[in-house]
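Small disclaimer: the values here were computed from a predicted structure and weren't measured. FYI, side chains are in, hydrogens and waters are out, and symmetry mates aren't considered; it's all heavy atoms of this structure.
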Amino acid sequence: MSDNGDGPRVQKLATGIPSFDLIAKGGLPEGRTTLLSGTAGSGKTVFAVQFLAAGIASGQPGVFVTFEESAKDIRQNMLSFGWDLAEWERSGTLAVVDASPDPHVETVESGTFDLSALLARVQHAVQRSGAKRVALDSLGAVFSQFSDQSVVRKELFRIAWALKSMGVTSLLTAERTMDYGPVARFGVEEFIADNVMILRNVLEDENRRRTIEILKFRGTDHQKGQFPLTIAPDIGVVVIPLSGMQLRQKSSNVRVSSGNRDLDEMCGGGVFRDSVILVSGATGTGKTLTVTQFMKGGVEAGERCLLLAFEESREQLFRNAHGWGVDFDKMERDGLLRVSCDYPEVEGLEDRLLAIQRSIEEFRPQRVALDSLSALERVGTMKAFREFVISLTSFIKHQEITGLFTSTTSSLMGGSSITEGHISTLTDSIILLRYVEMFGEMKRGITVLKMRGSTHDKRIRELTINEHGMQLGRPFKNVTGILAGTPVYVSPADLERAWTIHDEAVGRPASAAQASGANRRRRESDRSERREES
Amino acid sequence: MIFLLKLYIAGKGARAEAAITNLRQLCDNELRGQYELEIIDILEHPELAEEAKILATPTLIKQLPPPLRRVIGDLSDREKLLLGLDVRPIAPQSVDNPNAP
């Protein structure tokens, strides 16, 4: 607008809607009008009322103008979010202008008219309440109340202009018929407001996916693209910011125990306190055991631990833990462990994320384990899952919690999962559990693939499971291709030749060469043992 | 039968004047003066507009006799106004110029 030409820059008004201000880079442009367009059921009204509710909570009175639902219905519907409009109206922090049509009264049009009465009512409500925020819900319903749309259009322009001259920050909602199509139904709504935002509620692979997109903010910046959001029963709209999140989490040098001394050793002395560890393996390779030990390690160090399980029931988990010598019951009684078991399908991923965040905020654990992340893959679309993983990882890192996620590989031997593809760059450590077929016997192998900021054991060691839990044995030698899922036995002579070539290539010093010689002797003795076995 | 009418206007502009003139003319002719008319300026009394949930101006509300009816506009369309008031014209309908103010 021209009056802003040499004036001060556009200020933002923090809305108080969780994470929305992050993607809006501060909030809604202050003193301006913003259009919020969306299909039926996309959450326009909730967003509009929440915008006012958050304002009232921070001492800014508001005005709600309803064109569609009656004021009575709105008051009733919004109670489920904990927003008591009637109470705010009594205390004078909210004024409701009920401009919804009365179905009992027949209206006839005779000659020309304007909407001066509506404007006068809005102005009166703003003055009466001292409002800083105004929400109009929704513009399309004004058009459908009158036959002459050119009048409505002109009058809406006049109202938008009046709102700006009163200096209030206003949110105008509008309907659209398609999630990907014209901004709004009547084709003029977007020109009435300075700024345009779009709410979507798209059906993707039988899953509903809600997003918000800021299309334009006149004269000021915002994040671009669609951001997932969810509508939670007692919060309202919660935006899940992806690119809004910053890689600002602190990095700790403090190591904590994984609950298994041998595994700690492989990791170079334990895992870092605020790191996220991914444990990947086929079914039965020991992922849940790794989780159980990780919880035990936490409780032994006096830390609160949260276990989120999606594959096994509580009874199964407790029984398994007992079988490995870990008493989950006692840990829970001591208040150090909380186990939550849920079917993945119970909630959508956005709601799931929110629920996890809330239980973390409430329980304040130092450790969180999620078994398994891949069980959640099937709940939403690939995109939604990726966003879930990114948001969860980033949230956990910000809380300075040690996180351990498991991921199930689709094939028994080797292979990787979709989960890994999404998460491997986000995690600080990756531990692989693999089946190794050797001479007609299935063995389990464990290796630390990645350990950010630390040296670690690069060997693949044998893993056995007994009543004390996980035992790490000798490294697999004379075997190659374990990780690829095609273990091949290599003769010591071939292996020796390979090592010699390797040593020469890297120019290994004499002492190392001697060690290599010692290795050779060990390998040879292994080989003779095997001969005896067969 | 007494007609109880309320006419909401925004200021004393040309449209408001037209509505008042059109309404009085029709009431005098068709209702034979059996009416009470209250004129409310919503710019002076926005709270009355709020109370009656008025959006458009001018708006005529027929409170009595029932049913409650609303007529919006400057009331220049005589047919629509009669329809809104639920009144059958005494005088034969003017077919020459039904929209004459």
Check your understanding: Above 12 or not: heavy atoms from other molecules or residues under 6.0 Å from CD of B/E17?
Key -> yes
Revision key, fill the gap. Scored by heavy-atom pairs under 4.5 Å with chain A, the best of B/I9, B/D74, B/I42, B/L60 is B/D74
Exercise for review: Determine, stepwise, if the pair B/L68 / A/H104 fulfils side-chain contact (heavy atoms from CB on, under 4.5 Å).
Suggested key: CA-CA 8 Å; B/L68 197 71; A/H104 303 297; over 6 Å; no
Point to revise | Smallest separation among heavy atoms of A/F113 and B/A56, with atom names | key: CD1-CB, 3.7 Å
Check your understanding: When you look at A/D102 and B/K53, which way does the salt bridge (charged side-chain N to carboxylate O under 4.0 Å, His left out) test go after all the steps?
Key -> CA-CA 9 Å; A/D102 186 341; B/K53 296 185 177 178; over 6 Å; no
Check your understanding: chain B heavy atoms under 4.5 Å from A/Q123: which part of the residue, side chain, backbone, both or neither?
Key -> neither
Exercise for review: For atom NZ of A/K132, decide whether the heavy atoms of other residues, nucleotides or ligands shown that lie under 6.0 angstrom number more than 12.
Suggested key: no
Point to revise | Spacing of B/H45 atom NE2 and A/H124 atom NE2 [to the nearest 0.5 Å] | key: 11.5 Å
Point to revise | Contacting moiety of A/V96, where chain B heavy atoms sit under 4.5 Å | key: backbone
Check your understanding: Which atoms of B/R69 come close to chain A, meaning under 4.5 Å heavy atom to heavy atom: side chain ones, backbone ones, both, or neither?
Key -> both
**Study point:** Pairwise distance CD(A/E155) to CG(B/L55) - rounded to 0.5 angstrom
**Key:** 11.0 Å
Exercise for review: Working to the nearest 0.5 Å, report the span between CD1 of B/I54 and OG of A/S116.
Suggested key: 12.5 Å
**Study point:** B/E36 atom CD, over 12 foreign heavy atoms within 6.0 Å
**Key:** no
Check your understanding: Looking at B/A49, B/G84, B/A10, which makes the most heavy-atom pairs under 4.5 Å with chain A?
Key -> B/A49
Point to revise | Closest non-hydrogen atom pair, A/G111 against B/S76 | key: CA-OG, 3.3 Å
**Study point:** Closest non-hydrogen atom pair, B/V71 against A/S110
**Key:** CG1-CB, 3.7 Å
Revision key, fill the gap. The single option from B/E47, B/E50, B/E51 that satisfies side-chain contact (heavy atoms from CB on, under 4.5 Å) with A/R121 is B/E50
**Study point:** Interface residue of largest heavy-atom contact number with chain B, from A/V142, A/D114, A/D148, A/D98, under 4.5 Å
**Key:** A/D114
Practice item. Measure across B/T57 and A/A117 and return the closest heavy-atom pair with its distance rounded to 0.1 Å. Key: CG2-CB, 3.7 Å
